[in-house]
Amino acid sequence: MFIPNLLSAGSGGETKLRARIVIVEDEPDLRDAVAEYLGANGFDVTAVESAAALRTLIETEQFQLAILDIAMPGEDGLSLGRWLRAKMPIGIIYATAAGTALDRIVGLEIGADDYMVKPYELRELLARVRSVIRRVPQPESYRQSLLAAQPPRRTIAFGPFQADLDGRLVTGSSGAIIDLAKSEFDMLEVFLTRPNRLLSRTTISEAIGFAEDPESSRAVDIRIMRLRKKIEDDPANPKFLRTVRGEGYIFSLPGSEGY
């Protein structure tokens, strides 16, 4: 039984990769209830009825967490958990109706991350699931999937420079890092994301969060002067950050349109 991640689709079609959980439980009603509840709370959930079914599934699937019933027909959860631990980095939560100290001690000794006594509250299980997933090292394939799901970094080239807006880093033609103060990078980002557009001092002040006071225009001018010294060959005759007298500034970026 597979319960799709009900939160996998974000606004605008964005896909958010969520942790995968497998449930091994021989009681159908409990198995379905847990799978549905965890699926509704943002996880991709697969539920099977036996250890044998999980062993077959693991041949082609990877999971970040397993919830294992201890007392099952055939192979029990403790043996299954020991096999899983030897095979891959995976979080394990044991569940049992017995609740005996022996079960708990054995389960923890063979590497369980947590232990639930049936019947249990689904909200408590959810809290324990989230806690375990935060602590468990993720498989390399899962980490690669996370990286692939991330949007590309925002980079903009101008002249010999490359600006990484997400990394807040500017490099020159040789790859050397251009030393920009936070306020200078903030100013540059305003212009790079609004190229070839006339920006007034008031617009610039608001974009970088300057307080509205009589000195804000002067503060903009000072930062632009400092920025020019770092990105212009001739700051007195700038080719990127040009002044429109009495109006404001324009950042010239050939091939780009303001937006």
Side chain to side chain contact (heavy atoms under 4.5 Å, CB included) assessment of I23 paired with V48: CA-CA 6 Å; I23 302 164; V48 296; over 6 Å; no

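Counted by atom type alone, Y249 and D221 present one or more donor-acceptor pairs between their side chains at under 3.5 Å.
In this structure the side chain of R128 reaches within 4.5 angstrom of the side chain of M116, judged on heavy atoms. M88 is listed as a side-chain neighbour of I58, based on a closest heavy-atom distance under 4.5 Å. Between L126 and L38 there is a side-chain heavy-atom pair separated by less than 4.5 Å.
For the pair E232 (side chain) and K239 (backbone), a donor-acceptor distance under 3.5 Å is present. Looking only at distances, a side-chain donor or acceptor of D113 sits under 3.5 Å from a matching main-chain atom of I92. Remark: the backbone N or O of E27 is paired with a side-chain donor or acceptor of E25 at under 3.5 angstrom. S205 places a side-chain N or O within 3.5 Å of a backbone atom of R201 that can act as its donor or acceptor partner.
With salt bridges taken as basic N to acidic carboxylate O contacts below 4.0 Å, one links D186 and K182.
Going from atom CZ of R154 over to atom CG of D166 covers 4.5 Å, rounded to the nearest 0.5 Å. Rounding to the nearest 0.5 angstrom, the gap separating the CD1 atom in I21 from the CG atom in L65 is 5.0 Å. With rounding to the nearest 0.5 Å, the separation of CG in D233 from CZ in R228 is 13.5 Å. Summarising the geometry, atom CG belonging to D69 is positioned 8.0 Å from atom CG belonging to L30; distances are rounded to the nearest 0.5 Å. If you take CG on L253 and CZ on F158, they are separated by 8.5 Å, rounding to the nearest 0.5 Å. Summarising the geometry, atom CD1 belonging to I133 is positioned 12.0 Å from atom CZ belonging to R20; distances are rounded to the nearest 0.5 Å.
Of the candidates D76, L84, L78, L68 forms a side-chain contact (heavy atoms from CB on, under 4.5 Å) with just one, namely L84.
For the pair A51 and E75, the tightest heavy-atom approach, listed with the atom from each and the gap, is CB-OE1, 3.4 Å. Nearest heavy atoms, V170 versus F185: CG2-CE1, 3.8 Å. Contact record, K230 with A181: NZ-N, 4.2 Å, taken as the closest heavy-atom pair. Here the closest non-hydrogen pair linking D26 and P73 is OD2-CD, 3.3 Å. Taking all atoms of both residues into account, the shortest heavy-atom contact from R31 to A47 is CG-CB, 3.5 Å.
Under the 4.5 Å side-chain heavy-atom criterion for Ile, Leu, Val, Met, Phe, Trp and Tyr, M225 and I231 are members of distinct hydrophobic clusters. Both Y120 and Y37 sit in one connected hydrophobic cluster of ILVMFWY residues. Membership requires side-chain heavy atoms under 4.5 Å apart, directly or through other members.
F161 and F240 have perpendicular rings, their planes meeting at more than 60° on a 0 to 90° scale where under 30° would count as parallel.
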